[in-house]
Amino acid sequence: MKWITWMVLAVGVWGLVGGCKDKGQRGSSSEILIGEFASMTGATATFGQSSHEGLMLAVEQVNEKGGVLGKKVKVISEDNRSDANEAVTAVQKLISRDRVVAVIGEVASKRSLAGGGVCQQYKIPMLSPASTNPTVTQVGDYIFRICFTDDFQGGVCAKFAEKRGWKKVAIFTDVANDYSKGLTAGFKDGYQGTIVADESFREGDNDFKAQLTKIKATGPDAVFLPGYYTDVVKVVKQARQLELNVPFFGGDGWDSPTTLAAGAVMDGCFYTDHYSPDDPRPAVREFIAAYQKKYARTPDAMAILGYDAGMVMMDAIKRAGKSEPAAIRDALAATKGFPGASGTITIDEKRNARKPAFVLELKGGKTHIADTIEPG
Amino acid sequence: MDYLTQQLINGLSIGATYALIALGYTMVYGVLRLINFAHGEVYMMGAVVAYWIAIGIAPWGWPVWGALAVIFGGAMGACAVLGFAIEFFAYRPLRNKPRLVVLITAIGVSLLLQNLAQTRYVFGPTPEAFPAVIEAKTVVRWTMGGPDNVVTVSNLDLLSLGLSLGLMGVLAWVVLRTRQGLALRAVSYRFDTSSLMGINTNRTISFTFMLGSALAAVAGVVDAIRYDVRPLMGLMPGLKAFVAAVLGGIGSIPGAFVGGLVIGLIETLVKGYLSSAYSDAVAFVVLIVILLVRPSGILGRYEAEKL
């Protein structure tokens with residue numbers, strides 16, 4: 001039997017070596033290669049799927065008009081299964097094997113931080129469509145984003161809570177998640193009322209009743225829940241079972257078809273977001289029409305940000321005049337007043353975008369705009 | 001008072017599923033002196049099978065009790081077969097090898113099942129909500145003190161506790177009153193001697209695995225209905241049930257049951273009175289303290305290591 005093992009090993013090694021052959025100079029191929037790492041499967045799969053669909057729509061539209069610098073743009077996508085370690089592997093694969101000139105990703109800040117470290121090390125520009133944690137772009141001068149940050153978003157939630165007259169707010173943070181902690185920090189900075197409870201859970205927890213019972217005993221006017229959609233619905237359902245009937249509110253991590261599909265149980269809850277499907281601006285209407293034509297569903301915020309990330313990246317490559325990582329980085333840094341579908345995008349000196357935030361109210365599985373808050 | 005009562009209900013409700021999983025750990029340890037680390041994955045597979053059955057029977061619109069009976073029965077049956085297969089293919093060939101070899105194999109089986117469940121052919125990596133077979137609703141509600149001090153018990157809490165207590169009763173009957181149970185006790189008391197006395201040890205071990213796996217399946221289905229189904233859902237409950245089994249006294253069946261409830265209560269009370277950040281850590285601190293202070297657990301018996 002032993003020779004079979006050796007043969008299998010030999011074939012395997014040969015396959016590996018063959019697969020690793022060098023593909024030559026970065027950016028010299030007949031196409032412009034952009035890498036994407038996204039959570040196509042796993043705990044937060046709808047984030048990756050939506051942003052991927054948005055990105056593919058952008059690339060399709062640009063390629064129809066002749067591409068960039070006379071070449072077609074090709075996106076190479078890697079799934080990271082909603083896992084930060086997988087994100088590192090995915091980005092390494094994109095840079096070393098596929099030799100992409102730029103990387104787009106991730107939605108989740110935790111995975112953008114993981115992948116961003118690799119991009120910075122190889123000096124490949126990375127543009128995150130939706131990672132809002134402040135530390136993401138602090139990884140280095142090659143890391144950019146086209147969305148607002150958590151401190152801003154947490155501040156928006158605080159302003160909104162005060163506008164609503166909520167004097168006592170309980171906080172329920174996912175302590176295993178940088179995004180959630182960032183929002184909570186921003187909220188605490190901005191909020192003038194009393195924080196009556198400051199409880200926490202961990203991504204992957206299933207039972208929140210102990211903490212919710214504790215929160216209920218403090219009698220809050222509302223509960224700030226800066227989590228991801230996977231946990232949010234479970235938390236609110238269990239709260240309603242315990243007759244904790246006050247509104248819950250959180251950030252853009254709520255934005256997902258899953259939250260809407262939960263239906264009436266989420267009524268009267270609010271979240272801040274990058275975009276609303278009700279927005280009347282023509283750029284938004286055009287994007288929604290094109291997206292619905294291609295995918296037959298209403299885009300969520302991750303889709304529009306994926307779309308804008310693609311558009312900003314391809315615009316930067318065009319302005320750079322060549323598909324070389326360093327030149328693309330400089331062009332990205334110089335992005336000013338880009339007319340994106342999710343709003344006018346200007347990249348500031350910290351490589352973040354400044355944009356207004358919407359506050360959306362959930363009702364019967366649909367959202368409508370409750371408020372719009374400008375960057376202060 | 002209402003606060004403490006509600007927290008105790010929350011704790012017992014979680015503890016009941018830990019107890020069901022812990023029974024499997026403790027029984028297998030009893031007969032084989034093996035920590036079956038794949039046991040948490042059997043719990044997960046129970047949830048997965050239940051998910052597919054629930055989707056399959058959804059169009060027929062059965063009454064709740066009929067649907068639940070089929071879902072629980074199907075998941076228990078499938079996991080009993082899975083438990084048998086794990087023992088037959090992974091552990092039986094290693095029966096006379098050092099215990100460490102079997103332990104590492106158990107971890108391997110656990111990883112195999114986790115990754116199998118993440119493929120599309122079994123379940124897929126994305127968490128899915130359980131089909132609406134039974135809606136959570138409050139069945140017991142009373143006020144303590146003021147009108148705002150409400151304590152609620154949901155039908156799912158009752159389902160979890162009721163099944164756990166009921167199955168513990170069934171298990172006690174099987175172990176104490178049937179021939180197969182007698183064989184199980186004999187094998188767990190002295191493995192070699194019982195085989196000399198004409199007990200078919202291999203069959204008894206298979207039976208133990210099937211029994212434990214069916215109980216884990218019940219816990220899996222309860223949690224699937226309460227929360228959701230995900231391929232890595234067996235990790236934490238598996239570990240906590242293991243702690244529960246050690247706490248109760250590994251090898252002791254009533255000990256595992258008590259241990260499960262105690263771990264559920266400790267976890268909830270730590271979240272309720274101290275800080276939610278420490279609740280998982282506390283479960284493992286309990287494990288360390290038990291191993292240091294009373295290695296035989298609450299209800300376990302002390303066994304001198306034969307040299």
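As a basis for the values below, the full set of heavy atoms in this structure was taken, side chains included, without hydrogen atoms, waters or symmetry mates.
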Open item on the list: Need one label for B:Glu267: side chain, backbone, both or neither, based on atoms under 4.5 Å from any heavy atom in chain A.
Closed with: neither
Task: Salt bridge present between B:Asp157 and A:Lys209 (N-O < 4.0 angstrom) - done: yes
TODO: With side chain to side chain contact (heavy atoms under 4.5 Å, CB included) as the test, would you mind laying out the steps for A:Arg81 and B:Gln118 before giving the verdict?
DONE: CA-CA 10 Å; A:Arg81 300 196 287 169; B:Gln118 289 185 56; 3.4 Å; yes
Task: Enclosure of A:Lys363 NZ (heavy-atom neighbours >12, cutoff 6.0 Å) - done: no
Task: Side chain / backbone / both / neither for A:Arg202 at chain B, heavy atoms under 4.5 Å - done: side chain
- [ ] Select one option (side chain, backbone, both, neither) describing which atoms of A:Lys234 are under 4.5 Å from chain B's heavy atoms.
- [x] side chain
Open item on the list: On a heavy-atom basis, which atom in A:Gln211 and which in B:Ser276 lie closest, and how many Å separate them?
Closed with: CG-CB, 3.6 Å
Task: Between CG on residue A:Asp207 and CE on residue B:Met236, distance to nearest 0.5 Å - done: 13.5 Å
TODO: Compare all side-chain heavy atoms of B:Lys271 with those of A:Phe208 and state whether any distance is below 4.5 angstrom.
DONE: no
Open item on the list: Which heavy atom of A:Ala210 sits nearest to which heavy atom of B:Gln7, and what is that distance?
Closed with: O-NE2, 2.9 Å
Task: Residue A:Lys237 versus chain B: region with a heavy atom under 4.5 Å - done: neither
Open item on the list: Testing the 3.5 Å rule here: is there a donor-acceptor pair between the side chains of B:Thr126 and A:Thr41?
Closed with: no
TODO: Check whether B:Thr152 gets within reach of chain A through its side chain, its backbone, both or neither, counting any heavy atom under 4.5 Å.
DONE: side chain
- [ ] Would you check if B:Asp228 and A:Asn206 make a side-chain contact, meaning some heavy-atom pair closer than 4.5 Å?
- [x] yes
Open item on the list: Using every non-hydrogen atom in the two residues, find where A:Ala43 and B:Pro127 come nearest and quote the distance to one decimal.
Closed with: CA-CD, 3.7 Å
Task: NZ-OH distance between A:Lys214 and B:Tyr3, expressed to the nearest 0.5 angstrom - done: 5.5 Å
- [ ] Could you tell me which of A:Asp205, A:Thr213, A:Thr46, A:Thr258 has the largest number of non-hydrogen atom pairs under 4.5 Å with chain B?
- [x] A:Thr213
TODO: Report, as yes or no, whether the 6.0 Å neighbourhood of atom OH on B:Tyr273 holds more than 12 heavy atoms from other residues, nucleotides or ligands.
DONE: yes
- [ ] Give the minimum heavy-atom separation between A:Glu243 and B:Val150, together with the two atoms involved.
- [x] OE1-CG1, 3.7 Å
Open item on the list: Is A:Glu199 in contact with chain B via its backbone, its side chain, both, or neither, using a 4.5 Å heavy-atom distance?
Closed with: both
